[in-house]
Amino acid sequence: MTPDFNLLITLDALLEEGSVAGAARRLGLSASAMSRALARLRETTGDPLLVRAGRGLIPTPRAQILRDQVARLVQETRAVLRPQQEVDPASLERTFRLRSSDGFVEAVGPALLARLAVEAPGVRLHFLAKTDKGSGPLRRGELDFETGVIGATTAPELRTQALFQDHFVAVVRPGHPLCDGPLTASRYAEARHVLVSRRGQPHSPVDEALATLGLTRTVATLVPGFATALALVRGSNLVATVPHLHCASLLGDLVALPLPFALPGIRIALLWHPSQDADPGHRWLRALIRDTCARPPYHTGATDTP
């Protein structure tokens, strides 16, 4: 038979008050209702619990043993059911895991870690490599956050928060021929390119934009990440087309050139599973990441969305 856990609250009041009338007043019940509850407790525990001594009641040896245990259980139950309080970052001890592509860590990571060291020294933020866009790790609680571009493959149940808007630029080494004179769409298309594609796709929105102008480009090589692409650009005449803010810290002495054709920008977002929504620590770190990305050179103007 499933036990009635409400009896724990009744037993706690009876043992604390040592009186049916006192326990009834404490719980807002009638004396007769409390007497019936005591009868149920006696039947459930197989012990009288409270026995008459003169005009009062005294606890049995079993009740004396149970008193502290019951009080602790009731206190813990109330704590479980109480709304969560705001977290104190200075005393928070916790490790969070954020999966992101290369570029985000280099661009935003230093500022985030610097703020954590001051505001929440007990918090550790681990950055994990982003090998795919599957939402399974977020669902299973293996990840706390992910950054990326919201698209058709994004799981619909995930919560999202826009962090900043980015635009693409063409990146070349210093002294590259494209640095001499105006960069036109034709000159861009005639160059040799390194294409960034984590999934190994041979085409990108750049190729679609060029096609509308009747142009095609030569992709000399394909790599899975921005850092690798920029490393190749640094030692060759290849051109890499990358999101500017996302890769700003990776550029070094490389030259970023505005694209000579229209290409839609991207919105970098923070993603998490709704099971984390109400967690105070998770909520606090979300706000910290959002605030960090709201500072120059990043911008944000969106709110949490279901």
Restricting to non-hydrogen atoms, name the atom on [X] and the atom on [Y] that form the minimum distance, rounded to 0.1 Å.
{"X": "A185", "Y": "L213", "value": "CB-CD1, 3.9 Å"}
{"X": "V20", "Y": "S35", "value": "CG1-OG, 3.6 Å"}
{"X": "T10", "Y": "A37", "value": "CG2-CB, 3.7 Å"}
{"X": "P258", "Y": "L183", "value": "O-CD2, 3.7 Å"}
{"X": "S249", "Y": "A107", "value": "OG-N, 3.4 Å"}
{"X": "A262", "Y": "A209", "value": "O-CB, 3.7 Å"}

If the plane angle is over 60° it's perpendicular, under 30° parallel, otherwise tilted; pick one for H246 and F226.
-> perpendicular
Classify the angle between the aromatic ring planes of F145 and F96 as parallel (below 30°), tilted (30 to 60°) or perpendicular (above 60°).
-> tilted
Close side-chain approach of [X] to [Y], heavy-atom, < 4.5 Å:
{"X": "H193", "Y": "T221", "value": "no"}
{"X": "V169", "Y": "L259", "value": "no"}
{"X": "R26", "Y": "E16", "value": "yes"}
{"X": "V70", "Y": "V74", "value": "yes"}
{"X": "S204", "Y": "D207", "value": "yes"}
{"X": "I9", "Y": "L27", "value": "yes"}
{"X": "L98", "Y": "H126", "value": "no"}
{"X": "P205", "Y": "L263", "value": "yes"}

Could you give the distance from [atom1] ([X]) to [atom2] ([Y]), rounded to the nearest 0.5 Å?
{"X": "R192", "Y": "L238", "atom1": "CZ", "atom2": "CG", "result": "6.5 Å"}
{"X": "I58", "Y": "Q64", "atom1": "CD1", "atom2": "CD", "result": "8.0 Å"}
{"X": "C293", "Y": "L112", "atom1": "SG", "atom2": "CG", "result": "6.5 Å"}
{"X": "L41", "Y": "L7", "atom1": "CG", "atom2": "CG", "result": "4.5 Å"}
{"X": "R286", "Y": "D144", "atom1": "CZ", "atom2": "CG", "result": "10.5 Å"}
{"X": "L257", "Y": "T241", "atom1": "CG", "atom2": "OG1", "result": "10.0 Å"}

Is the closest basic N to carboxylate O distance between [X] and [Y] below 4.0 Å?
{"X": "D68", "Y": "R72", "result": "no"}
{"X": "R283", "Y": "E86", "result": "yes"}
{"X": "D47", "Y": "R42", "result": "no"}
{"X": "D279", "Y": "R94", "result": "yes"}

Looking at [Y], is its backbone amide N or carbonyl O close enough to the side chain of [X] to form a donor-acceptor pair, meaning the two atoms are under 3.5 Å apart?
{"X": "D166", "Y": "H244", "result": "yes"}
{"X": "H167", "Y": "P243", "result": "no"}
{"X": "T60", "Y": "L50", "result": "no"}
{"X": "R67", "Y": "D12", "result": "no"}
{"X": "R62", "Y": "P59", "result": "no"}

Side chains of [X] and [Y]: is there a donor and an acceptor less than 3.5 Å apart?
{"X": "R115", "Y": "T292", "value": "yes"}
{"X": "R173", "Y": "N237", "value": "yes"}
{"X": "W272", "Y": "D277", "value": "yes"}
{"X": "T184", "Y": "S186", "value": "no"}

Counting heavy atoms not belonging to R187, are there more than 12 under 6.0 Å from its CZ?
-> yes
Show your working on side-chain contact (heavy atoms from CB on, under 4.5 Å) between R267 and L163 and close with a plain yes or no.
-> CA-CA 7 Å; R267 176 172 289 184; L163 296 178; over 6 Å; no
Using the side chain to side chain donor-acceptor pair (under 3.5 Å) rule, pick out the option among R99, R97, H273 that qualifies with E146.
-> R99
Are [X] and [Y] linked, directly or through other ILVMFWY residues, by side chains that come within less than 4.5 angstrom of each other?
{"X": "L195", "Y": "V233", "result": "no"}
{"X": "F168", "Y": "V149", "result": "yes"}
{"X": "L14", "Y": "V51", "result": "no"}
{"X": "L210", "Y": "L222", "result": "no"}
{"X": "L232", "Y": "L251", "result": "yes"}

How far apart are the C-alpha atoms of E157 and R139, what are their side-chain angles, what is the distance that settles it, and do they pass the salt bridge (Lys or Arg N to Asp or Glu O under 4.0 Å) test?
-> CA-CA 10 Å; E157 78 270 20; R139 288 195 186 107; 2.4 Å; yes
Before giving the answer on side-chain contact (heavy atoms from CB on, under 4.5 Å), spell out for V171 and V255 the whole-Å C-alpha distance, their side-chain angles and the decisive distance to 0.1 Å.
-> CA-CA 6 Å; V171 178; V255 180; over 6 Å; no
Would F261 and V206 satisfy side-chain contact (heavy atoms from CB on, under 4.5 Å), going step by step from the backbone distance to the final call?
-> CA-CA 9 Å; F261 51 86; V206 169; 4.1 Å; yes
Dump the intermediate steps for side-chain contact (heavy atoms from CB on, under 4.5 Å) on T160 and L270, then the final yes or no.
-> CA-CA 6 Å; T160 65; L270 186 69; over 6 Å; no
Report the residues that fulfil side chain to side chain contact (heavy atoms under 4.5 Å, CB included) with L113, sequence neighbours left out, ordered by chain and then residue number.
-> L116, L125, F127
